[in-house]
Amino acid sequence: MPQNRSCDYCGDDIEPGTGTMFVHVNGTVVHYCSAKCEKNADLGREPRDLEWTEEGGDHGVEAEEAAEPEEEETEEAEPETEEVEEEADDEAESETADEADDEADEDEE
């Protein structure tokens, strides 16, 4: 049964029947989608240092960041207003308590 795999170097999908499977002497299996990935791995280049890989490119990060804030904004918008109102109430209570303490101190003097 053909399996869809992802390139261990760049993270792209590998269609069944394409790509290269490299088995190391210790039995570790590495799948490459193209000769470009295999050659860069042989040269010792880290995928995080290359922009065209999933790890190194910021295109994947931008897509994730663009998708996540919309969800977060709607979820966090309501709690923030409640928290702000609670904080405002707490501050008002503490201010009235401080004023009462100040008045009590002035009366004692």
Using atom types as modelled, flag every donor-acceptor pair under 3.5 Å from a side chain in residues 37-46 to any protein atom, sequence neighbours excluded.
unit_1	atom_1	unit_2	atom_2	d
N40	OD1	R45	NH1	2.7
N40	ND2	K36	O	2.8

Mind checking the CH2-OH spacing from W52 to Y9? Nearest 0.5 Å is all I need. 5.5 Å

Hey, could you give me the CZ/NE2 distance between R5 and H31, rounded to the nearest 0.5 Å? 4.0 Å

Tell me which donor-acceptor pairs under 3.5 Å the side chains of residues 10-18 have, and how far apart each pair is, sequence neighbours excluded?
unit_1	atom_1	unit_2	atom_2	d
T18	OG1	E15	N	3.4
T18	OG1	E15	O	2.6

Testing the basics here: between H24 and V30, what is the closest heavy-atom pair and its distance to 0.1 Å? NE2-CG2, 3.5 Å

Of all heavy-atom pairs between R48 and T53, which one has the smallest distance, and what is that distance? N-OG1, 4.5 Å

